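Here is the structure we will look at, set down as structure tokens.
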Amino acid sequence: MYKHSVSSPAKETSVCEDRVFESIFHEHSDDIRNYIFYKCGDQQLAEDIVQEAFLTLWDQCKKVSFYKVKFFLYRVSKNIFLNIVKHNKVILDHTKYFVQPEITNQSPEFLVEEKEFMIKLQKAILKLSSKQREVFLLNRIDNKKYSEIAAIVGISVKAVEKRMHHALVILRKEIGNV
Amino acid sequence: MKEHLKNTFLGRWINNDLSKEEELSFRESPEYETLKKIAEVSQKLKTPNYEKTKVFSNLQNKKNTRTKIRSIRSHWIYKVAAIAIILFGVFHLLKPSQTEFTTKIGEQLTFVLPDSTKVTLNSNSSLIFSANNWEENKVVTLDGEAFFSVTHGALFSVKTNTATIKVLGTQFNVTSHGTYFETQCYQGKVKVTASKARDIILSKGKAYRMEGAVGNHLDIVDKNPSWLTGESTFKNVPLEYVLSALKNQFGITLTYSKENYKTARFTGSFIHNDLDTSLQMVFSAMEIDYIKQGNTIILK
């Protein structure tokens, strides 16, 4: 899912070029949206913040180096989110957090079993602290490496390991032994 | 699970960072199955659909309106343009305006420089100087031939293709046609500086001629250059230069093979008010046959 942006074109790529800006949007907007979604659990809000973050990038396109675009977007969208939280409390609607996965080619019993477990897991995830949740979901859903999560969230890799550890401890407690 | 509950253990486990021993002993623990299932199933979690296309088209709309506003307010090209216009204006005010005198074929022109030096320009010549900046930049640029009658005490330079003549209070003549250069000093002194050569000071009655890189000292007997009195006089001058002087004077076309006259030299003169006589004066002396067809002279 994730592609390294470092593999991208020649040296003087300008973010201000429509074509470049569009390709940046297509490369990063899914990840940014998910990241914000893990924070707020609000689909609409996440999309608004993505839009706002990219507009900020557009306004400052001359100042932002092509190679720093990714973390610029993460930082800006996080700030926008924090601003919103500060001014009007966001009430997270946890029930809309996830969609049920499509499961095919499985035996009916397994399907039921897995579905039950999935529901348990989803409920358990809501018990995580927001810090644990975002790290856990960035890793499990977006397949982000720890080093990348560390860069996005602004913590050390060690801290990512710790948050993952504690997330798993809580999830296991909530779900109970199988 | 004691150990497993500490620090980063599960974080490393789910990331496949445990050592083999750690991994194997962990598989024995009662929590392993549940955790393994959590690890598996959590990867099948999905977020609600992201309406990317809608977000992008909204973004495009807002982006375009912002671009418009910004382009009026602070687009760099406007700043650059404004600065360029201002600089251009300032440059224009500061730039010394150039004064140019030119003569057509057969014409002569007399005028004075800002320091009241009298200049007579021979035919088909030009002289440029900056009138409003004369005090700082006493230089005239000459192409062709001119006679300078310098006011006492005046100091200036004459620049030509080949050399620069520094005036030391004098009367002198300068000819510069392509690589042919000659200056004749009729009064006082002048200093000639040609590229690569050392400075040459000419006093009254002396002349210095350059044909290409070769320089020669000459003596003059006349009080003034003859061309000022309606006659051009030459002393051992390459014929080519005489031919171009004829062209400048009469506006004729001369057809000849350059090879034939490469080394020919001419001593003598021609008069400015009679072409036929002038042609005879030059070509009979050189024993050259010629045919005159209107304005064209063909040499054999």
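In what follows, chains are A, B, ... by sequence order, proteins preceding strands, each numbered from 1. Keep in mind that this is a model prediction, so the values were computed, not measured.
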State which residues pass side chain to side chain donor-acceptor pair (under 3.5 Å) with A:Y146; sequence neighbours excluded, sorted by chain then number.
none
Non-hydrogen atoms of chain B under 4.5 Å away: do they reach the side chain of [X], the backbone, both or neither?
X      : result
A:E22  : both
A:E174 : neither
A:D30  : both
A:L121 : side chain

Tell me if the centroids of the rings in A:F37 and B:Y50 come within less than 6.0 Å of each other.
no
Chain B contacts, top residue of A:K158, A:K162, A:R163, A:M164 (heavy-atom pairs, under 4.5 Å):
A:K162
Partner chain B: residue of A:E161, A:Q51, A:R33 with the largest heavy-atom pair count (under 4.5 Å)
A:R33
Would A:R75 and A:F71 count as a cation-pi pair here, with the cationic atom under 6.0 angstrom from the ring centre and within 45° of the axis?
no
Is the cationic atom of A:K78 (NZ for Lys, CZ for Arg) positioned less than 6.0 Å from the six-membered ring centroid of A:Y35 and within 45 degrees of its normal?
no
With a 4.0 Å cut-off, would you call B:R27 and B:E23 a salt bridge?
yes
